[in-house]
**Q** 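Sharing a structure here in structure tokens format.
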Amino acid sequence: MACPVLLTERLRLREWRDVDVDPFAAMNADPLVMQYFPALYSYERTSRFVELIRKRWSELGYSLWAVERLDRCHFIGYVGLWPATFPASFTPAVEVGWRLAADQWGQGFATEGGKAALHYAFDSLGFEEIVSFTSASNVRSRRVMERLGMVRDVSGDFDHPDVPEGHPTRPHVLYRTHAGR
Ligand SMILES: CC(C)(COP(=O)(O)OP(=O)(O)OC[C@H]1O[C@@H](n2cnc3c(N)ncnc32)[C@H](O)[C@@H]1OP(=O)(O)O)[C@@H](O)C(=O)NCCC(=O)NCCS
């Protein structure tokens, strides 16, 4: 399925364009944006990621949206839905997630986009439950989850298998939300 456009008060969630790759690569090479990830992305890794995002849209009918501000019309990051398939007590599941350029933080854009993605997940895709997870120390991302009304499931705490053992960002926390909440 093609990526639908979602409009919020201040944002357009839309399909990925080739011109998004440069600003996305800059974000993914920013140590502040990538503080809670095991490594920065090379330009090639970002390009491959964009290809995977597009493939997910056509294969699954959901994926990550490219986000732009309505007042500036340029790419500021992503918000969206992603399949969580790695081994954990709560998988397989569908995750809501976000990554914005650091100069766009502190304005409510992740929460605004996340809300639209959750509505789409429940109302258009018919999912019963969406999860979100992040490194336990990623307080900014946890606050987005809490602002979206997601509830922490302490029993779901896990060590992310894609993060090397001993890495400080490996311990993760799990949040859940359900249709009709
Ligand atoms: C996680 C991330 C998206 C959170 O971004 P954020 O800007 O802090 O979150 P929001 O967009 O919800 O903005 C909320 C903040 O905007 C403020 N704000 C300002 N104007 C606002 C408005 N009009 N509406 C709502 N909030 C507003 C809120 O008070 C809040 O500030 P606070 O954090 O000081 O309490 C961002 O830090 C990021 O991209 N990090 C790197 C990638 C990452 O770690 N992703 C998650 C991996 S799981």
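The basis for the numbers below is simple: all heavy atoms, side chains too, and nothing from hydrogens, waters or symmetry mates. Read the numbers this way: they start at 1 and go in the same order the structure lists the ligands and their atoms.
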**Q** Which residues pass the side chain to side chain donor-acceptor pair (under 3.5 Å) test with Y62, sequence neighbours left out?
**A**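 Y62 satisfies side chain to side chain donor-acceptor pair (under 3.5 Å) with no residue once adjacent residues are dropped.
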
**Q** Is the H172 ring parallel, tilted or perpendicular to the F133 ring (thresholds 30°, 60°)?
**A** tilted

**Q** Determine whether a donor-acceptor pair (N or O, by modelled atom type, separation under 3.5 Å) exists between the side chain of R69 and the backbone of L11.
**A** no

**Q** Going by an N to O cut-off under 4.0 Å, is there a salt bridge joining K115 and D123?
**A** no

**Q** Output the set of protein residues with a heavy-atom contact under 4.0 Å to ligand 1, ordered first by chain identifier and then by residue number.
**A**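 Contacts of ligand 1 under 4.0 Å: R10, V33, F37, W98, R99, L100, W105, G106, Q107, G108, F109, A110, T111, F133, T134, N138, R140, S141, R143, V144, R147.
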
**Q** Look at the rings of F158 and F86 and say which category their plane angle falls in: under 30° parallel, 30 to 60° tilted, over 60° perpendicular.
**A** parallel

**Q** Charged N to carboxylate O below 4.0 Å: is that the case for E51 and R48?
**A** no

